[in-house]
Amino acid sequence: IISGKVVSQAKREELKNRVAQLNVQGTEVGLAVIIVGNNSASRVYVNNKKKGCEEIGVNSYEYALPEETSQSELLELIEKLNGDDKVDGILCQLPLPAHIDEQAVINSINPQKDVDAFHPFNVGHIMIGDYTFLPCTPAGVMEMLKFYNISVKGKKCVVIGRSNIVGKPMAMLLLKENGTVEICHSGTANLKAECLGADVLVAAVGKAGFVTADMVKEGAVVIDVGINRGADGRLCGDVCFDEVEKKASFITPVPGGVGPMTITMLLE
Ligand code: GUN
């Protein structure tokens, strides 16, 4: 079992020390977190991000804006934060209300403060393998693989999901580590056969129980990025854990796998 809790704890200790060192040199670190509207999942994420900052000694500044905030008001706030020396990182929690153009907002964040690495400037840097910031979820996956000494070099890596936040950057990071990478998605023909070929299988679909044992090769490394509510109301991933665990050499559980890593990697 790949424990995101264990890896996360080790990483946060390291980060706490790094922030303390900066403080000794007279430098404080600050993260601005923007949340628009009343999405309850976003509220939980933002609270955890603030708590994580506190834990390692980073100042956090929350901007909670009402649902009816206009795009230009939001852009104005980001412009102000872009020029604020106390703010080293800016994070605008997604999703945004439907009347706001998400990409326009992402594009307005100073790339040097874009801790989510969603700005096209940073996306481009990831593409060429020379980056400062990484999206926290794929970064967390790579950190877990490193911690457990799992090499992807020369291995067939299949990523299910092609989102800008997870699937695409995940593929780039696996490629950088010399994996042979394939991105599958809802339009992929013979998805089961593609997955069966995978030495490393990353599921970022957003559907409970999507990956079943008959899609997994014996001895594969299985990374479950999904966070879903099952029919019984319990938190579960994209992978049928109980049956896939028996075939996998390594597997991340949900909860306790990728989830705990994401905020830790944001803090980094
Ligand atoms: N919503 C879901 N995941 C993320 C994330 O990593 N960053 C931001 N800003 N919003 C999200």
Side-chain angles (χ1 to χ4, degrees), residues 4 8 11 30-53 58 60-65 67 69 71 74-75 77-78 81-82 87-98 100-123 125-126 131-144 159 161-173 202-207 223-229 235 237-238 252 254-255 257-268:
S8 184
K11 191 85 198 161
L31 175 69
V33 183
I34 304 168
I35 176 169
V36 185
N38 311 306
N39 182 312
S40 57
S42 289
R43 179 32 75 193
V44 173
Y45 284 127
V46 165
N47 287 348
N48 286 335
K49 286 170 185 182
K50 279 165 44 191
K51 232 165 55 190
C53 285
V58 166
S60 70
Y61 311 103
E62 179 183 305
Y63 296 85
L65 309 179
E67 180 83 20
T69 301
Q71 183 168 317
L74 179 54
L75 293 179
L77 169 62
I78 292 172
L81 298 172
N82 281 342
V87 174
D88 303 286
I90 301 170
L91 180 146
C92 184
Q93 188 66 28
L94 305 178
L96 289 167
I100 297 178
D101 175 352
E102 261 177 21
Q103 195 58 51
V105 172
I106 288 168
N107 293 354
S108 76
I109 295 173
N110 176 349
Q112 259 79 45
K113 297 189 176 187
D114 172 35
V115 286
D116 270 320
F118 293 166
H119 191 288
F121 177 90
N122 290 316
V123 175
H125 271 277
I126 292 164
Y131 44 76
T132 310
F133 295 123
L134 286 176
C136 54
T137 302
V141 172
M142 297 313 289
E143 192 68 27
M144 289 194 291
V159 179
R162 55 176 153 181
S163 71
N164 291 335
I165 296 186
V166 182
K168 288 183 206 167
M170 186 75 254
M172 284 301 133
L173 297 185
V202 181
V205 186
K207 284 189 184 145
I223 306 290
D224 191 348
V225 177
I227 300 182
N228 313 296
R229 290 263 169 221
L235 213 59
D238 291 345
T252 63
V254 177
V258 176
M261 287 305 295
T262 58
I263 291 175
T264 299
M265 299 315 287
L266 166 72
L267 297 173
E268 177 164 61

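For ligands, and for the atoms within them, numbers begin at 1 and follow the listed sequence.
Separating the CE atom in M172 from the CG atom in L134 is a distance of 12.5 Å, to the nearest 0.5 Å. Distance NE2/H119 to CD1/I109: 8.0 Å, rounded to 0.5 Å.
Pocket lining of ligand 1, defined as residues with a non-hydrogen atom under 4.0 Å away: K49, L91, C92, Q93, L94, D116, F118, C136.
Annotation: ring-ring contact (aromatic ring centres under 6.0 Å, His included) contacts of Y61 (sequence neighbours excluded): none.
When V166, V205, I165, T252 are each tested for a side-chain contact (heavy atoms from CB on, under 4.5 Å) with V225, only one passes: V166.
Side-chain contact check for V141 versus L173: every heavy-atom pair is 4.5 Å or farther apart.
Counting only distance, with no hydrogens or angles, the side chain of D224 and the backbone of D238 share a donor-acceptor pair below 3.5 Å.
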